[in-house]
Amino acid sequence: MAHEELHQQELTYFRMNMLQAEIEMQGMIAENKQREQKGESLAYDEKAFNSLIEKHGIFHNKFPFAQH
């Protein structure tokens, strides 16, 4: 497999992980808004949101930079 093809696959995989985190985060936001409207305590706090980074492996140092 050519280097560029491998890089594109790595980039696509990273994007997929970011999308999964985004979908989960939006669900968490919606749940918090719904609870807030009902006067209930929030389901997700800052720690829960930050944990998405580790769960989905989207650290800045995991971004697949092209290597020449």
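Both backbone and side-chain heavy atoms feed into the values below; hydrogens, waters and symmetry mates do not. Residues take their numbers from the sequence shown, with the count starting at 1.
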* Transitive ILVMFWY side-chain link Phe59 to Met18, under 4.5 Å -> yes
* Asked: Would a 4.5 Å heavy-atom cut-off, applied to side chains only, mark Leu52 and Met28 as touching?
  -> yes
* Non-hydrogen side-chain atoms of Phe63 and Ile58 separated by less than 4.5 Å -> no
* Asked: Taking atom CG of Asn50 and atom NZ of Lys47, what is their separation to the nearest 0.5 Å?
  -> 10.5 Å
Kindly list each side-chain donor-acceptor pair under 3.5 angstrom involving residues 36-43, sequence neighbours excluded, with atom names and distances?
none

* Structure fact -> To the nearest 0.5 Å, atom CZ of Phe49 lies from atom OH of Tyr44 at 8.5 Å
* **Inter- and intrachain pairs under salt bridge (charged side-chain N to carboxylate O under 4.0 Å, His left out), touching residues 50-65, at least two apart** => Glu24-Lys55
* To do: Compute whether any side-chain donor of one residue and acceptor of the other, for Glu22 and Gln26, lie under 3.5 angstrom apart.
  => yes
* Can you measure from NE2 (His56) to CD1 (Ile23) and round to the nearest 0.5 angstrom? => 9.0 Å
* Report the distance from atom CE of Met16 to atom CG of Leu19, rounding to the nearest 0.5 Å. => 9.0 Å
* Structure fact -> Closest non-hydrogen contact found for Gly57 with Phe14 is O-CE1, 4.0 Å
* To do: Tell me, with the steps shown, if Glu5 and Gln9 meet side-chain hydrogen bond (donor to acceptor under 3.5 Å, both in side chains).
  => CA-CA 6 Å; Glu5 286 179 38; Gln9 284 185 349; 5.9 Å; no
